Protein chains: 2
Amino acid sequence: MPLPAPIYHLHSPCSSCNLAELCLPADLSANEMHKLDELSTVKRSFARSDYLYRSGDKFRSLFAIHSGSFKTQILHEDGREQVTGFQMAGEIIGLDAISTDIHACDAVALESCVVCELPFNKLEALSREIPLLQRHLHKIMSREIVRDQGIMLLLGSMRAEERLAVFLLNLSQRFAARGLSPTQFQLRMSRQEIGSYLGLKLETVSRAFSHFQSERLINVKVRTVEILDLAGLQACLNNTR
Amino acid sequence: MPLPAPIYHLHSPCSSCNLAELCLPADLSANEMHKLDELSTVKRSFARSDYLYRSGDKFRSLFAIHSGSFKTQILHEDGREQVTGFQMAGEIIGLDAISTDIHACDAVALESCVVCELPFNKLEALSREIPLLQRHLHKIMSREIVRDQGIMLLLGSMRAEERLAVFLLNLSQRFAARGLSPTQFQLRMSRQEIGSYLGLKLETVSRAFSHFQSERLINVKVRTVEILDLAGLQACLNNTR
DNA sequence: CGAGATTTTGAATTGGGTCAAGTTATGTGG
DNA sequence: CCACATAACTTGACCCAATTCAAAATCTCG
């Protein structure tokens, strides 16, 4: 079980893993880098199924995922649950809580994880001092909005197999961005969790996997996935039913 | 409560309509208020079906809706479309574009509208000077994330009538927050647009309206809606199928 | 090794989609 | 202001993709 390497705009080695997604493309001065390094002194480890935070918790910090991956989910009182995202190394988690100072969802570790805590007060203070950081924080939040709207499109107007194809292609891209294989990877989440994320039942997810395999688009054995035909998966989406 | 109630702070009359959603709960100094007023000098009017911006446009400004309402939509190349939101007076529109400096969706006027333009550079500069403004901007962005995740829950795990009930209750709340009747209002969007937003076909939306009417939960005549039984609509959601 | 969890597969069911026809609004030009 | 054309909405009948229910296979981990 190789842990995903935390490579994502990391131009400083990683004393400041906190910088992960936050790290600016444009270079900061040494002094600015230093301040950014000081931002997150606390690193925490989590085992599979540990909660990073729970819905209702007081918000104090964002978290930069140093290694491992999480799911975020909303639990509706009537038992309905919706997985709202899967986050991996180099991504920032907790943005939903800024709105009310209370976390709006649960974040659960899907495997062993290490995260850096980014106290939000300090992050705001620093981003007043460093305009590039401010802009970057805004971009991260906006990116999350765009991502969510993409999922609305998926949930609102795609068929089961299209949804799974989008899901696999997205994972593929994200692994590639971390220097991992875009065509061979381990799923860290169950069929049930994938289904919840994609608005499908777990049986439907399983059937779609099986169908892709029979079409020779992928090889899948439980949580081991090999993409055989990226273009073919892509083509699933263009078949306007 | 799938869709969180938006909170509007319309305390200044509206020489600075720009402040609408941006206006801070905590009071700003006179000097700060003045700077905020200067932020938006440009007001623009739109007729029904005019575009406020289009997907692909260069991003320069956010917009505060002074009056009227808009829809935002993503158009997928294969013709699929998804309405991602309906925005009304006092709300800020355009947050998705910060991520790439390119607008990621279309914003279309649903009726006659007036908007205030908020140049984003200036807004960022000002929010470095005024921490309360900075925090408020962050809250607005985070609120949008939470809203979108609520819609993911709706699209991912609710049945047609539940979705429409959520939609009507959300409109009701938002009208109430503006001092309008929470039980009698005009829809500004077509069945097709509601359907796109809710991940349903227009016929399904129409049937759900008719069914609510036959259950005496609402009166509906095309775009005129009267809610007869708010609690009853709410109860639709708790019936865990 | 064995128990519980997860995944796969099959068969039957159904909620919402599709297609079609009729009705009611809306807006434009005369 | 009216007549007419067009767009929007409603309703019915039929259909199908995904869900539900069920059972067997496989995996995971103590």
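Note that this is a predicted model, so its numbers are computed, not measured. In the text below, chain A, chain B and the rest are named by the order of the sequence lines, each starting its count at 1.
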- Report the distance from atom CZ of A/Arg159 to atom C1' of D/dC16, rounded to the nearest whole Å. 10 Å
- With the threshold set at 4.0 Å, does a side-chain nitrogen-carboxylate oxygen contact exist between B/Arg80 and A/Glu162? yes
- Query: Which nucleotides of nucleotides 7-14 of chain C have their base under 4.0 Å from a protein heavy atom (B), which only their sugar-phosphate (S), and which neither (-), written as one string 5' to 3'?
  - Reply: SBBBB---
- A/Met158 has an atom CE; how far is it from atom P of C/dG17, in whole Å? 16 Å
- Taking only residues two or more places apart in sequence, or in another chain, which ones meet B/Ser61 in a side chain to side chain donor-acceptor pair (under 3.5 Å)? B/Glu117
- Taking atom P of D/dT28 as reference, at what distance in whole Å does atom CD of A/Gln186 sit? 9 Å
- Message: Just to verify, what does B/Arg188 make a side-chain contact (heavy atoms from CB on, under 4.5 Å) with, not counting sequence neighbours?
- Response: B/Ser69, B/Leu110, B/Glu111, B/Gln186
- Query: So what is the end-to-end bend of the helix from C/dC1-D/dG30 to C/dG30-D/dC1, with 5 pairs used at each end and the value given to 10 degrees?
  - Reply: 60°
- Could I get the full list of salt bridge (charged side-chain N to carboxylate O under 4.0 Å, His left out) partners for A/Arg147, not counting sequence neighbours? A/Glu144
- Query: Listed by chain and number, what are the side chain to side chain donor-acceptor pair (under 3.5 Å) partners of B/Lys71, not counting sequence neighbours?
  - Reply: B/Gln73, B/Glu193
- Note on the structure: By salt bridge (charged side-chain N to carboxylate O under 4.0 Å, His left out), A/Arg174 pairs with (sequence neighbours left out) A/Glu91
- Between atom CG in B/Leu155 and atom C1' in C/dG16, what is the gap in whole Å? 14 Å
- Task: Can you sort out the partners of B/Ser181 under side chain to side chain donor-acceptor pair (under 3.5 Å), two or more places apart, ordered by chain and number?
- Result: B/Thr183
- Indicate, with a heavy-atom threshold strictly under 4.0 Å, whether B/Gly199 touches base, sugar-phosphate, or nothing. sugar-phosphate
- Taking atom P of C/dG16 as reference, at what distance in whole Å does atom NE2 of B/His211 sit? 12 Å
- Item | Interatomic distance, B/Leu164 CG vs D/dT10 P [rounded to whole Å] | 11 Å
- Query: Considering residues at least two apart in sequence or located in another chain, which fulfil the side chain to side chain donor-acceptor pair (under 3.5 Å) criterion with B/Gln213?
  - Reply: none
- 5'-most by nearest nucleotide on DNA chain C - B/Arg163 or B/Arg48: B/Arg163
- Task: Fit a plane to each ring of A/Phe46 and A/Phe70, take the angle between them on a 0 to 90° scale, and name the class: parallel (under 30°), tilted (30 to 60°) or perpendicular (over 60°).
- Result: perpendicular
- Grab the CZ-P distance between B/Arg188 and C/dT26 for me, whole Å please. 11 Å
